[in-house]
Protein chains: 2
Amino acid sequence: MTHVSDATLRKFVGYHMKRAFNVVQADLAKTLKPFDLRMLTYSALVLIVDNPGMRQSQLADAMDIERPNLVMIIDELERRELIVRDRVPNDRRAYALKATLQGSQLCDQAIKSVVAHEEQLLVALDDDARANLVTALKLIETSLKRDTL
Amino acid sequence: MTHVSDATLRKFVGYHMKRAFNVVQADLAKTLKPFDLRMLTYSALVLIVDNPGMRQSQLADAMDIERPNLVMIIDELERRELIVRDRVPNDRRAYALKATLQGSQLCDQAIKSVVAHEEQLLVALDDDARANLVTALKLIETSLKRDTL
DNA sequence: TATTGTTATACTCTATAACTATA
DNA sequence: TATAGTTATAGAGTATAACAATA
């Protein structure tokens, strides 16, 4: 056999999503490597910069991961002094997450690099096609939630 | 803080792709559970049904995974008697993978179920929007390869 | 009682090096 | 020497149960 047919799998949108997402993910990982960030540490840092004072449980919620899995991510960002665990007033159980100056500066640089790399990935799509893509992805993301309304 | 802003991340197509893909992946896993299949065992089974006699190295290539990681997948499908490892004539190193009757029947049922579930995910998209989505995903998947031409 | 963060644990997916048997 | 399949191993991401401190 010299040629492998994926005719059946090709009919599924999920198949194309997995393949495209793998490319995006690999490229993002490569883009973030110079900053010593991964997708998860990057997402967490961006969200903390944008939402100073947020709690870990809120961050886990926003990132769609379980609380225990966030602990090591926050540990890593804190160890590198990109964020700090401040105390929430009137609730000594929780931490108020805040980016340091160093953290928000690294975040800005990383965002610039990610923007440039994403532009390369989307170079074949015009503005309309990009808008339609995001719209379609949002509809898919919320399709099952809408079912239960 | 009562509201978390993801304004920065929302600007990235990759962010929307991750979220949409997570939904698709979770739904697919749930859909395949009654058949005792995972995404990887499902993809492998479909490809073997469509390409009887293919070798493991070809299958790993088609699935975009490393050869060692395919071994347990094939082991599992073989143990459940959904496929067999036949011998390739004139090359005693390689196996010719073939689905059993039981395997191709399970595959047909699984495909039907996946088709139905995917229809639910895409219910908000008309035919045009679906075609545009697949086109966009294919362009993203091949964007970096085209760069190097 | 319930919640926040944490520890421990386990399972899946992925990646690499090294082995065996064949070619 | 090169290739097909295998073994062993390690890392990342994810999920659950259970705990201490606090509400």
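For clarity, every value in this text was computed on a predicted model and none was experimentally measured. Letters A, B, ... mirror the listed sequences (proteins, then strands); counts begin at 1.
- Regarding Asp75(A), its CG atom lies at a distance of 13 Å from the P atom of dG5(C), rounded to whole Å.
- Remark: P of dG13(D) and CG of Leu32(A) are 11 Å apart, rounded to the nearest angstrom.
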Can you check side-chain contact (heavy atoms from CB on, under 4.5 Å) on Thr100(A) and Val84(A), steps first, answer last? CA-CA 7 Å; Thr100(A) 62; Val84(A) 291; 3.8 Å; yes
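- Arg85(A) comes within contact range of the sugar-phosphate backbone alone, with a heavy-atom separation under 4.0 Å but no base atom that close.
- Of the residues near DNA chain D, Asp91(A) and Asp64(A), the one whose nearest nucleotide (by heavy atom distance) lies more toward the 5' end is Asp64(A).
- When distances are taken from the side chain of Val71(B) to each of dG5(C), dT6(C), dT7(D), the shortest belongs to dT7(D).
- At a cut-off of 3.5 angstrom, the base of dT3(C) holds at least one donor-acceptor pair with the side chain of Arg93(A).
- Summarising the local packing, CG of Asp126(B) is surrounded by more than 12 heavy atoms from other residues, nucleotides or ligands at distances under 6.0 Å.
- A donor-acceptor pair is defined here as one N or O able to donate and one able to accept, closer than 3.5 Å; such a pair exists between the side chain of Arg130(A) and the backbone of Leu125(A).
- Mapping Ser57(A) and Asn22(A) onto DNA chain C by nearest heavy atom places Ser57(A) closer to the 5' end of the strand.
- With hydrogens and angles ignored, no donor-acceptor pair closer than 3.5 Å exists between the side chain of Arg92(A) and the base of dT22(D).
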Criterion salt bridge (Lys or Arg N to Asp or Glu O under 4.0 Å) on Arg55(A) and Asp61(A), from CA distance to verdict: CA-CA 10 Å; Arg55(A) 298 171 174 216; Asp61(A) 231 45; over 6 Å; no
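- The residue Leu70(B) sits apart from the nucleic acid: no heavy atom pair falls under 4.0 Å.
- In the set dT4(C), dT14(C), dG5(D), the nucleotide with an atom closest to the side chain of Ala94(A) is dT4(C).
- Put simply, CE on Met39(A) is 17 Å from C1' on dG11(D), counting in whole angstrom units.
- Checking Asn69(A) against Glu66(B), the closest nucleotide of DNA chain C that is more toward the 5' end is the one next to Asn69(A).
- The separation between Asn90(B) atom CG and dA21(C) atom P is 21 Å, rounded to whole Å.
- As rounded to whole Å, 16 Å separates atom C1' of dA23(C) from atom OH of Tyr95(B).
- Summarising the geometry, the separation between CG on Leu40(A) and C1' on dG11(D) is reported as 14 Å, rounded to the nearest angstrom.
- Protein atom CZ of Arg67(A) is 14 Å distant from nucleotide atom P of dT14(D), rounded to whole Å.
- The separation between Met72(A) atom CE and dT7(C) atom C1' is 11 Å, rounded to whole Å.
- Closest to the side chain of Pro68(A), out of dT14(C), dA12(D), dT6(C), is dT6(C).
- Distance from the side chain of Gln56(A) is smallest to dG5(C) among dT14(D), dA17(C), dG5(C).
- Formation of a donor-acceptor pair under 3.5 Å by the Asn51(B) side chain with backbone atoms of Ser5(A) is found in this model.
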